[in-house]
Amino acid sequence: MRAAALYSAAGSLLLTTLAAAPADGAGGASAVPGAAELRGTAVAVARARAAGIDFGACSPADVPEAPKGLRCGTVTVPLDYAHPDGRQIRLTVSRMPATQKDPRNSKRKVPRQGALVYNPGGPGASGMYFPLIGSVPQWQRIAAAYDLVGYAPRGVGRSAPLSCEDPKRFLKAPTAAPAHPSEAYKRQRIAQAKAYARGCAKRSGKRLRFYTSLNNARDLDVLRAALGEDRLTFAGASYGTYFGALYAAMFPTHVRRMVLDSAVDPDPAKIWYQDNLDQSAAFEERWADFRDWVARHDDVYKLGDTAAKVQRSYDTAAGRLARKAAGGKVGPGQLQNAFLTAGYYDDFWPSRAAALSAYLHGDPAPLVRLAAPDARTAAEAENENAVYTAVECNDAPWPTDWKVWDRDNTRLARVAPFETWDNAWMNLPCAYWPEPRQQPLDVRTGPGELPPVLILAAERDAAAPYPGALEMNRRLGGSVLVTERDAGTHGIAGGPNRCVNGHFEAYLLEGRIPGRHAACAPHRLPPAAGPGKGTRRGLPEAGRR
C-alpha cells in the first residue's frame, strides 16, 4: 500500500506443489518453480557459487558517503529462470563484515556465523543501507557474529531498474484525498490507473512480467550461493516475510535460520487484493490509536481532548488545505500520506501531532517540512512505486471489473475511511495490468521440513495485520511466533522492546527459540514532543508493506 518512504535507524545514519500456470491462461513467466525454473535456478546457483561477489568500494548511486568498511558488489541472475542462458541482470549487494568483537567485553572475540541477508519489504524497497545498522546498540551483538548483507532486489535502484512514468511527473502535488469520492473523481482515477499500467508496459517492455515474488525468492538463493553460504540466514520485514516464506517453501533444505518480522498473510486467496483490503481496515484501528494518544496530550497539542475532537481538527486542516495548499505543495493528499506514516510507527506520533497543531494555529512550516514532496527523491520514489506495482500485479489474479473494486471499497470506507480509497487507487493499475497473472504459491511446510522459523508480530500492526502472522505460523511447520501485545509498530526486531530483542538475539546467535507462542508486553509509547523528535530503532523499513 502507498506510504512515504520510511527510514529507520540504518537509513538515518546517513541522513535512514506448487501452483498452476498464469490465471488468465496466457503464456509468460511460470507461476511456480516448474521443471524449467528449477533447472534454471540450479544453473544460476552453480555459476554464482563459482563466481562469488567481487566486493569493492560502494558507488555513490548505491550508498552515498559509504562509511569505512562497507563494501559493495553485484550478483548476476537470469531475468527468466526458465531460460538461464538468456538475458542476465545484475543485483547490487552491500556487506559489512562481522566485527567479531563482543560489545559487552572488548577482550572477547566472537565466532563468525556467516552472512545475515536482509530485505526491508515493499515490494520496491532497497536493503543497501541495512549493513549500517550494525552500529546501533541493539544490533551490535548480531553485527559481531554476522556479516550484515543488504541488497537491492530486481527492479530496485541499479538492479535492472523498472520505471512506469517520468519521475518528474510522479510526485504530483497538491492532490486531493476524498474519503468518499464522487463518481467524477472515480472516473478520473480509473483513467490514471489505466495510463499508469500502459506506462509500465511501455517503459519496461517484455521484461516486466519477470518481476515477481517467486523470482525474488529464486534470486535470494543465487545470492546465498554467491556469498558462499551453504544455507541461508535471512531476516525479512513486511513484504520481505512473504517472499522469505516462499523461499522456505521452495528451498527448505537451504534454510539455516529465518526471521519473519511483521508477517503478511500468505494465504493464496488473499494475495494481494484481499490483503490490501484487510490492511485498510487495520489502519483505521491504528488511526484511532493515534487520535487517542493525541487526545491524552491535549495540554501540549491543543487538538482536542477526545479522539472525536482530534478527528475534527484533522478534518478542519484537510478542508483548509483543499482550499489553499500549504507552501503551494501540501494538499489533503500530502496530509493524509504524512499521517499514514503515524500508522506505521508510533515514534512518529509527536512530530505529526505537533505539525498539525502548528498548522491549525497559524504556522504551516512544520507541516510543509513533513509532507511536501521532495523533487530530489522523485526518481527513487517512482522506481519504488513501479516495482511495487509490477510485483503485486504479476503475483496474483486481481478483479478486472471496476464494479468489484467500487463495491468492496465503498463498503469498507463506511467503517474505515482513513486509508481505504487511497489504498485502492494505489493498487488499481492491477485491474488493467497488461501482463499475465500468476497463481500464488500455496505456502506450506510440514514439521521437520525446515529449521524453526522465528515470526515476530505486533498485535496492532496496521501495515501487516496480526491475523497474517497467525496464518504464517500455521503454514510454516515448526515455526514460532513472538507477539508484542497491544502495540502497533511495523517492524519490531531490534527496536525498543527488550523482550522482543531477547528472543531475536537468542535465535540468531544461539538458535534458541521459545515455545510455539511467546508474548511480550508492549513498549512504552513516546512522550509528547515537538516536530522532528523521535527516531526509529527497528529493522530498516522503506516502502509500503
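- Ion pairing between a basic and an acidic side chain is recognised when a charged N comes within 4.0 Å of a carboxylate O; D221 and R218 show no such pairing.
- Identified under the disulfide bond (SG atoms under 2.5 Å apart) test for residues 55-139, with sequence neighbours left out: C58-C72.
- With sequence neighbours left out, the salt bridge (Lys or Arg N to Asp or Glu O under 4.0 Å) criterion links E382 to no other residue.
- No salt bridge links D166 with K168; every basic N to acidic carboxylate O contact stays at or beyond 4.0 Å.
- A centroid separation of less than 6.0 Å is found between the aromatic rings of F243 and Y239.
- Remark: N501 engages no residue in a side-chain hydrogen bond (donor to acceptor under 3.5 Å, both in side chains) (not counting sequence neighbours).
- Using a cut-off of 4.0 Å between Lys/Arg side-chain N and Asp/Glu carboxylate O, R87 and D80 are scored as not salt-bridged.
- When only modelled atom types and interatomic distance are considered, E419 and Q336 share a side-chain donor-acceptor pair under 3.5 Å.
- Applying the ring pair (Phe, Tyr, Trp, His ring centres under 6.0 Å) rule to Y146 yields no partners; only residues at least two apart in sequence or on another chain are considered.
- The side-chain hydrogen bond (donor to acceptor under 3.5 Å, both in side chains) test applied to W272 returns D395, not counting sequence neighbours.
- Ring geometry, F130 versus W139: the interplanar angle exceeds 60°, so the pair is classed perpendicular (tilted spans 30 to 60°).
- Qualifying side-chain hydrogen bond (donor to acceptor under 3.5 Å, both in side chains) partners for S94, counting only residues two or more places apart in sequence or in other chains: none.
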